[in-house]
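Note sheet for the following structure.
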Amino acid sequence: MKRLVLGLFGIAAIASVAFAGTETYSGKEIKQVAPPPCPEWYADQEFNVGLWGTYVFTANDWPQDRYLDADHAWGGGIDLKYFFHRYFGVGIEGWAVDARRAFVRDNDGDPISFPNIGHNSRAVGAVLGTLTLRYPIPCTRFAPYVFGGGGGIFGGGERTSFDESNGDFPNDSSRSRAIGQFGGGIEVRFTPHIGWISDFSWNVVDGPNNNFGMVRTGINFAF
């Protein structure tokens with residue numbers, strides 16, 4: 001009996017030594033890997049050239065509008081901007097639209113009769129200095145922006161009605177006016193140097209019943 005007990009203790013002692021001397025290794029070391037940096041779609045300083053088409057619509061119907069003499073017009077433009085800071089840029093903008101002017105003519109001088117409405121097309125354009133504030137959203141291609149500016153508009157402002165029977169003839173000479181602009185939009189970059197812009201602005205022209213909205217969309221090149 002003693003031999004049996006001693007034998008069991010011996011086996012237990014040998015097994016404990018054997019297990020105590022065994023170590024397991026995973027064979028792999030855990031390393032902390034830093035994520036790669038986000039691509040930079042917008043530079044801290046860059047020069048932008050934008051080419052875009054535009055649609056203009058007046059705040060009033062054409063009989064009440066005093067500058068475009070039209071409900072709407074289509075055209076295009078260009079703007080040049082320099083971003084001296086990632087979020088701020090200054091620039092110059094120029095655009096022109098084909099405004100189909102409508103005017104009222106009463107050959108009889110009779111205010112009760114139906115008026116004779118005439119049309120003619122002419123270019124209306126503007127040149128403005130602008131200030132743009134943008135916010136490139138980190139790790140994305142998107143940059144919403146707001147902008148404002150001021151300058152001059154030309155090519156519109158003719159007389160809209162006349163009565164030939166009283167010797168009242170239209171004044172076809174256009175008038176230049178001061179114009180202010182404010183709006184906002186968004187840019188999407190396809191590459192760090194090519195993007196697409198879409199925005200809306202409200203334009204305030206000197207004088208009553210002259211204001212209009214402008215929708216723009218086009219391509220932007222960054223250098």
Side-chain angles (χ1 to χ4, degrees), residues 29-59 67-68 72-99 123-156 176-206 210-223:
E29 295 183 2
I30 300 176
K31 296 181 179 180
Q32 296 293 332
V33 179
C38 296
E40 292 290 342
W41 299 102
Y42 299 85
D44 290 338
Q45 290 88 32
E46 62 180 26
F47 182 69
N48 286 190
V49 179
L51 301 172
W52 31 266
T54 185
Y55 173 75
V56 168
F57 59 93
T58 56
Y67 198 82
L68 291 180
H72 62 275
W74 296 89
I78 182 172
D79 63 66
L80 309 174
K81 292 193 291 286
Y82 178 69
F83 284 89
F84 57 89
H85 187 278
R86 185 176 183 83
Y87 306 108
F88 308 102
V90 294
I92 185 170
E93 167 193 321
W95 55 263
V97 294
D98 180 16
V124 175
V127 177
L128 304 92
T130 61
L131 172 66
T132 301
L133 284 71
R134 71 177 183 185
Y135 179 69
I137 301 175
C139 297
T140 75
R141 301 171 185 261
F142 301 97
Y145 59 88
V146 294
F147 60 95
I153 187 171
F154 49 87
S176 299
R177 301 282 190 185
I179 182 174
Q181 180 189 75
F182 56 92
I186 191 168
E187 180 178 0
V188 182
R189 287 282 170 94
F190 305 128
T191 75
H193 302 290
I194 300 176
W196 193 266
I197 56 173
S198 297
D199 58 44
F200 170 78
S201 65
W202 190 250
N203 296 263
V204 180
V205 181
D206 180 36
N210 291 331
N211 303 338
F212 59 89
M214 174 180 285
V215 179
R216 308 185 305 182
T217 186
I219 194 167
N220 186 52
F221 300 96
F223 303 95

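All heavy atoms count here, side chains included; hydrogens, waters and symmetry mates do not.
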Among pairs that include at least one residue of residues 127-146, which meet salt bridge (charged side-chain N to carboxylate O under 4.0 Å, His left out), considering only residues two or more places apart or in two chains?
E46-R134
The complete set of salt bridge (charged side-chain N to carboxylate O under 4.0 Å, His left out) pairs with one or both residues in residues 191-203, sequence neighbours excluded, reads D199-R216
About how many Å separate CG of N48 and OH of Y42, when rounded to the nearest 0.5 Å?
9.5 Å
Solution key, residues 176-186 side-chain donor-acceptor pairs under 3.5 Å, sequence neighbours excluded:
| from | atom 1 | to | atom 2 | distance (Å) |
| --- | --- | --- | --- | --- |
| Q181 | NE2 | E93 | OE2 | 3.1 |
| Q181 | NE2 | N203 | OD1 | 3.2 |

Can you tell me how far the CG atom of D44 sits from the CZ atom of F84, to the nearest 0.5 Å?
12.5 Å
Tell me the closest heavy-atom pair linking A143 and P136, and the distance in Å.
CB-CA, 3.8 Å
Which atom pair, heavy atoms only, marks the closest approach of H72 to Y55?
CB-OH, 3.3 Å
Would you compute the distance between atom OH of Y67 and atom CZ of F154 and round it to the nearest 0.5 angstrom?
8.0 Å
Could you report the tightest heavy-atom contact between F147 and S201, atom names first, then the distance?
CZ-CB, 3.7 Å
Exercise: do W196 and T217 side chains pair donor with acceptor under 3.5 Å:
yes
Do the non-hydrogen side-chain atoms of R189 and N220 ever get within less than 4.5 Å of each other?
yes
In this structure, NE2 of H193 is separated from CZ of F223 (nearest 0.5 Å) by 9.0 Å
On a heavy-atom basis, which atom in P192 and which in A222 lie closest, and how many Å separate them?
O-CB, 3.9 Å
Validation row: T132, F83 side chains within 4.5 angstrom (heavy atoms)
yes
F221 to L51 - nearest heavy-atom pair and separation:
CE1-CD1, 4.3 Å
Near F47 CZ, under 6.0 Å, is it more than 12 heavy atoms from other residues, nucleotides or ligands?
yes
Determine the sole option in L68, V215, V124 for which the side chain to side chain contact (heavy atoms under 4.5 Å, CB included) test with V56 is passed.
L68
Taking every heavy atom of W202 against every heavy atom of V204, the minimum-distance pair comes out as CD1-CG2, 3.9 Å
Carefully, step by step, assess V188 and W41 under the rule side chain to side chain contact (heavy atoms under 4.5 Å, CB included).
CA-CA 9 Å; V188 182; W41 299 102; over 6 Å; no
Separation between CH2 (W52) and CD1 (I197), nearest 0.5 Å, reads 8.0 Å
Can you confirm whether L128 sits close enough to W95 that some side-chain heavy atom of one is under 4.5 Å from a side-chain heavy atom of the other?
yes
K81 side, atom NZ; L131 side, atom CG - distance, nearest 0.5 Å
11.0 Å
